[in-house]
Asker: 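Could you have a look at this structure, given as structure tokens, before my questions?
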Amino acid sequence: MAYGFETLQIHAGATPDPATGARQTPIYQTTAYVFNDAEHAARLFNLQEVGFIYSRLTNPTVAVLQERIATLEGGAGAVCCSSGHAAQIMALFPLMGPGKNIIASTRLYGGTVTQFSQTIKRFGWSAIFVDTDDEAAVKAAINDDTRAIFCESIANPGGYITDLRAMANIADAAGIPLIVDNTTATPYLCNPIEHGATLVVHSTTKYLTGNGTVTGGCVVDSGKFDWSASDKFPSMSAPEPAYHGLKFHETFGNLAFTFHSIAVGLRDLGMTMNPQAAHYTLMGIETLSLRMERHVQNATTVAKWLEKDPRVEAVTYAGLESSPYFGRIKDVCPKGAGALFTVAVKGGYEACVKLVDALEIFSHVANLGDARSLVIHSASTTHRQLSEEQQVAAGAAPNVVRLSIGIENAEDLIADLDQALTAATA
Ligand SMILES: *Cc1c(COP(=O)(O)O)cnc(C)c1O
């Protein structure tokens with residue numbers, strides 16, 4: 001029987017603890033696991049048997065979270081790691097090599113733009129940034145060294161929704177995976193795998209945990225990509241010297257990417273999620289559907305109010321009929337366009353800074369997806385490393401603030417914005 005999302009967000013991956021009957025998933029606060037005997041240990045190290053060896057690789061609390069997120073996303077497997085940025089490196093690591101590139105959307109989280117345009121060059125990788133609304137440009141940018149297309153489902157912070165099916169079709173035709181960052185939508189609002197994504201990455205720091213307590217990340221594998229169809233992905237299809245010539249795709253089938261991420265990625269990159277963080281995130285996911293419904297409801301109410309306000313120039317929420325991306329909601333995220341948008345304030349940069357300082361309920365922080373409402377002036381903070389051209393492309397121009405609408409009382413949020421707009425534009 002196929003359970004609904006609300007049931008799976010509480011139960012998927014978890015059973016009562018076999019040792020104690022504990023109903024809630026225990027925090028297995030341990031580094032290592034005792035082997036039954038020397039033969040058992042050898043089989044685990046050879047990947048001939050699946051089990052727990054050392055918590056850099058696997059931990060029972062983290063394993064429950066991995067299975068829960070994989071289930072909610074409709075994936076074959078998932079691997080958790082220490083942050084969303086770690087998840088992005090973990091997603092690219094098995095696909096890439098020196099000289100290889102990815103096609104990346106111009107509308108990405110500011111930190112991701114920096115990671116892709118600067119830091120990955122140290123590995124000999126590169127990113128070609130393309131406007132994903134221009135399908136011809138995406139196709140034209142792909143070359144023999146391209147190993148993935150990377151985009152966000154609902155892009156942070158510009159109120160942009162990607163046509164995921166169009167991107168998946170281009171990736172399919174090129175024989176490369178589509179990687180979708182689904183952080184701001186969550187699997188409750190959008191399932192990129194249904195639209196043809198091969199890999200889904202998350203910053204679990206945000207809505208999945210939902211209360212701003214721990215950082216974490218996750219890579220979900222659809223299990224549907226044929227890694228052996230070409231010689232582009234030798235980490236998956238060719239013999240792995242560190243495991244006596246084992247071929248991951250041949251041996252593990254639709255779990256090849258997940259096994260590689262644990263047995264090679266976590267083993268050697270060490271970007272491990274700790275069991276405490278997994279616990280907080282599991283607690284968060286239990287109420288994901290309830291929170292996301294309220295986030296969307298509040299965001300819609302607040303965005304509609306702001307849009308009519310004479311002190312406001314523009315509101316970029318895809319949930320507003322005035323948004324050019326409103327038409328994509330019913331395909332990509334039918335339950336709502338998330339709770340993150342930008343507001344252009346009359347009075348430009350200076351008014352934005354005053355607004356941020358005058359708000360009382362909204363916290364001025366570099367985070368999103370918290371139960372509490374948050375505000376940030378992206379151009380002077382998260383998107384500071386970007387050129388003004390990149391800021392505008394990412395929806396973070398100097399005259400806009402980004403709001404992450406929480407699950408408080410919507411009237412209270414409106415009253416707070418009202419008094420702050422008065423202070424900002426006086
Ligand atoms: C926050 C965020 C990230 C990075 O995640 P961290 O957990 O902060 O490393 C990546 N993508 C998006 C869309 C984000 O919002």
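Order of listing sets the numbers, starting from 1, for every ligand and every atom in it.
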Asker: Using a plain distance cutoff, I'd like to know if Glu152 has any nitrogen or oxygen under 3.5 Å from a nitrogen or oxygen of ligand 1.
Answerer: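 In this structure, Glu152 places no N or O atom under 3.5 Å from an N or O of ligand 1.
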
Asker: Establish, from distance only, whether the side-chain atoms of His249 and Ser237 form a donor-acceptor pair under 3.5 Å.
Answerer: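 Their side chains do not contain a donor-acceptor pair, so the 3.5 Å distance test is not met.
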
Asker: Can Thr342 and Thr316 be counted as having a side-chain donor-acceptor contact under 3.5 angstrom?
Answerer: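 Thr316 and Thr342 do have a side-chain donor-acceptor pair below 3.5 Å.
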
Asker: For ligand 1, is there an atom lying under 4.0 Å from some heavy atom of Gly216?
Answerer: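 Within the 4.0 Å threshold, so yes.
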
Asker: Which residue, Thr209, Asn211, Thr215, forms the side chain to side chain donor-acceptor pair (under 3.5 Å) with Thr213?
Answerer: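 Testing Thr213 for a side chain to side chain donor-acceptor pair (under 3.5 Å) against Thr209, Asn211, Thr215 leaves exactly one candidate, Asn211.
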
Asker: Any idea which atoms of ligand 1 are less than 4.0 Å away from a heavy-atom of Leu368?
Answerer: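 Selected atoms, number and element: 15 (O).
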
Asker: Let me know which of Thr132, Asn143, Thr146 forms a side-chain contact (heavy atoms from CB on, under 4.5 Å) with Ile103.
Answerer: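 Going through Thr132, Asn143, Thr146 one by one, the side-chain contact (heavy atoms from CB on, under 4.5 Å) with Ile103 is satisfied by Thr146 alone.
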
Asker: Around atom 15 (O) of ligand 1, find the nearest protein heavy atom and jot down its residue, atom name and distance.
Answerer: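 Protein heavy atom at minimum distance: Lys206 NZ, 2.8 Å.
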
Asker: In terms of atom number and element, which parts of ligand 1 are under 4.0 angstrom from non-hydrogen atoms of Gln88?
Answerer: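 This gives 10 (C), 11 (N) as the contact atoms.
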
Asker: Who's closest to atom 11 (N) of ligand 1 heavy-atom-wise, of Val201, Thr183, Asp181, Thr209?
Answerer: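 Selected option, by shortest heavy-atom distance: Asp181.
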
Asker: With distance as the sole criterion, is a donor-acceptor pair present between the side chains of Ser378 and Gln391 under 3.5 Å?
Answerer: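 Result is no, nothing qualifies.
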
Asker: Ser55 and Tyr33: side-chain donor and acceptor closer than 3.5 Å?
Answerer: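 Yes, side-chain donor-acceptor contact under 3.5 Å.
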
Asker: Where is the nearest protein heavy atom to atom 6 (P) of ligand 1: which residue, which atom, and how far?
Answerer: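 Of every protein heavy atom, Gly84 N, 3.3 Å lies nearest to atom 6 (P) of ligand 1.
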
Asker: Is there a heavy atom in Thr215 that sits closer than 4.0 Å to ligand 1?
Answerer: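 No; Thr215 lies far enough from ligand 1 that no heavy-atom distance drops under 4.0 Å.
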
Asker: Under 4.0 Å between a Lys/Arg side-chain N and an Asp/Glu carboxylate O for Lys139 and Asp134?
Answerer: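 Answer for the salt bridge query: no.
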
Asker: What atoms in ligand 1 come closer than 4.0 Å to a heavy atom of Thr205?
Answerer: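 That gives atoms 7 (O) of ligand 1.
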
Asker: Can you list the atoms of ligand 1 that are under 4.0 Å from a heavy atom of His85?
Answerer: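 Counting from 1, the qualifying ligand atoms are 4 (C), 5 (O), 6 (P), 9 (O).
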
Asker: May I ask you to check whether Phe248 and Phe259 place their ring centers less than 6.0 Å from one another?
Answerer: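 Ring centres of Phe259 and Phe248 not closer than 6.0 Å.
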
Asker: List ligand 1 atoms under 4.0 Å from Ser83, heavy atoms only on the residue side.
Answerer: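 It comes down to these atoms of ligand 1: 7 (O), 9 (O).
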
